[in-house]
Amino acid sequence: MFKEVLAIIISFVPLLSVAQKDTISNRVHLLEGVDVVASHRDRMARSTMPLQVLGRGDMLKMGITDIADALHRLPGITLRDYGGAGGMKTVAVRGFGSQHTGVSYDGILLSDGQSGEIDVSRYSLDQVSSLSLVIGDQEDLFIPARNVSTAAVLSIQTLPEHWDDRLPHLTSQLRFGSFGYVSPYVRYEQQVTGAIALSANGEYVYAENDYPFTLRNGNLSHREHRTNSRMNSGHGELNFQWKGAGYDKVTGKVYYYENNRRLPGQVRYYTSDSREQLHDRNFFTQLQYVTLHHGDFSFKWNGKFNGSATFYKNGLYTGGVMDADYWQREYYSSLCVLYAPNYNWTADYSVDYAYHNLNSSLETDVRPYRHALLQSLSAKYMLPRLMVLARVLHSFYMNGAKEGEGAGNMQRLSPSLSLSYQLLRRQNLFVRASYKNIFRVPTFNEYYFFHYGSTDLKPEVTDQYNVGMTYRKDGTRFGLLATLDGYLNHVRDKIVAVPYNMFVWKTVNVGKVRVLGMDATTRISYRLNRHQSLLLTGNYSYQRAANRTLATSAFFNHQIAYIPLHSGSFSMGYENPWVNVTLHGAGISKRWSTNEHYEETDVAGYMDWGVSAYRQFLWGKHPITVRGDVKNLFNQQYSIVAGYPMPGISYQITVNFKL
């Protein structure tokens, strides 16, 4: 079913693009003062690397409800979602594990030394001005060295502070929906002086998550409800910005997140009971100072402290309740120096230092720590039709443990090269090619976890090759952006867990993976008249992620667990003076929950459809936006992770008021 629907969508997209002959030039849409669509399209078309950007206006018009939903609309992404509002959501790109994808929050990479994975469900879409995904190297030179240390980077940019008056501005919002979901949100902004702006926001989310699902065992089936799945979470941010008389700017952020949730566990016939609980806390504060154009030089400094705590309890553990508490701390600093002597040449040197440690309540805890020193040297050469970017990253990691044997130190040089060339002088038709070598250091769990970790592990080394083409056309009524990329990825020394005996598993470097794939995207905008327009988006990904570890193995060339061969999404939005409506869908083909493809470990594919409608009113001079969303429109039961059913048909209603 998925392949047939996807084929219809993909064939429909180019037909629409051919049928329209009118064009719009440099059409710019502004939404809440932060979303400039034309600049997003230009960046994606000219980028030397695969780049996708979703602005705040794009996300509204595409019917996107949260960050996980936004990621489903981007090509090449594999999202692990454990179901419901409280389910953990991690992102992987082009067949790499989620530890290979960095997540940047307002320019500074988030980190988790224990697992190496970032749970993107922690971050609220209501606070986001844009999401961007770059695969490979980053075209921006003026960034920290750590921001180029992963195979791909998802960048989350929050709403900026900028007002023409000195009055306080307040946004209040209430969202409620199925399965006991309720979420109030409030944001305060004010330009205090001509140089200083402040903002603060807070969000609370409560959900029962007791959605129904069908449990099947052969010919038998039972209608059940998710249990032990209640969630209480909240987060708050305080931001400030200072702009000097010249080109100096200081921005700062204080962030706090807390989530107290029950974990429903895996659904099995007759054994789906769970009494697990997880309590997360995360606090970080970051500061950035930027000064531009001191002669040919610009400088940027970043500093950050990050602390997190995790409290786990399992009431069904053999012998009673098992508690496990973990505490992480990170101290981070970065300095970037940009040299731009003329239009053609730009160079950057960035140096980062980070210290990370972990301790727990476990008797087997060795209290690991890590010092990291990363340096990058980058150069960009530009002509009117050509852009070439080269970068080399030197990484040095010093590992240790206060209560036991630490892992060895490691260092490595990682080069990258990319280019983009405009084929026709008067047409925005570009070809691009890129190569990036990068590696992933084992996490604290992989190094030190009792009866699992190994301090002898080597880092996973990746090579990424990409060749692509982009086309952009703007006119008075019609706009088109299309991208097509083919890629080849290699992973060496892949870290996998193998059984030492029935009870003990060990992580070892035995894996090799080859990923051969293709990503295609289309965005079409068509203005029917002054008050009505259409936005059509679609993407398709093919990922052949093959296990190439041992040619004589029965599992050689098997598709890697949870990587779908086909995936895609589609949305069609209609803007009008009455009610704006969007129909959207996202789906993936069949996957396997094991690398060995054992019988009955396949996970069925799915296509999840939804519809969104919104309308803005004015109460005096104050805008009120009312939005309704229906998710899983056809009530399809499916799982993204085996044993964790996703919710069926559900609704959400959002009321947003600006003062």
Less than 4.0 Å between a side-chain N and a carboxylate O, is that true for [Y] and [X]?
| X | Y | result |
| --- | --- | --- |
| Asp629 | Lys631 | no |
| Glu330 | Lys304 | no |
| Lys253 | Asp106 | yes |

Parallel, tilted or perpendicular, as decided by the 30° and 60° cut-offs, for the rings of [Y] and [X]:
| X | Y | result |
| --- | --- | --- |
| Tyr105 | Tyr123 | tilted |
| His558 | His597 | parallel |
| Phe305 | Tyr331 | tilted |
| Tyr255 | Tyr257 | parallel |
| Tyr206 | Tyr204 | parallel |

Exercise. Establish, yes or no, whether a centroid distance under 6.0 Å links the rings of Tyr256 and Phe283.
Key: no
Give a yes or no answer on whether the side chain of [X] reaches the backbone of [Y] with a donor-acceptor pair at less than 3.5 Å.
| X | Y | value |
| --- | --- | --- |
| Asn489 | Phe96 | no |
| Thr582 | Ser571 | no |
| Thr443 | Glu446 | yes |

Just by distance, with hydrogens left out, do [X] and [Y] show a side-chain donor and acceptor under 3.5 Å apart?
| X | Y | answer |
| --- | --- | --- |
| Thr654 | Arg175 | yes |
| Arg230 | Asn260 | no |
| Glu117 | Ser98 | yes |
| Gln277 | Arg261 | no |
| Arg329 | Asn357 | yes |
| Asn201 | Asp126 | no |
| Arg187 | Gln127 | yes |
| Glu460 | His100 | yes |
| Tyr542 | Asp519 | no |
| Asn445 | Tyr447 | no |
| Tyr369 | His356 | no |

Quiz item: Which heavy atom in Gly113 sits nearest to a heavy atom in Gln328, and how many Å separate them?
Solution: N-OE1, 3.0 Å
Practice problem: For Val128 and Arg56, work out which heavy atoms get closest and say how close. | Solution: O-NH1, 2.7 Å
Quiz item: If you round to the nearest 0.5 Å, how far is OH of Tyr181 from CD1 of Ile653?
Solution: 13.0 Å
Self-check item: From CZ (Arg627) to CG (Asn656), nearest 0.5 Å
Solution: 11.0 Å
Exercise. In sequence, state the C-alpha distance, the side-chain angles, and the governing distance for Arg544 and Gln559, and then conclude on side chain to side chain donor-acceptor pair (under 3.5 Å).
Key: CA-CA 7 Å; Arg544 181 67 176 96; Gln559 185 82 352; 3.0 Å; yes
Exercise. Give a yes/no verdict on a cation-pi contact between Arg146 and Tyr332, requiring under 6.0 Å between NZ or CZ and the six-membered ring centre and an angle within 45° of the axis.
Key: yes
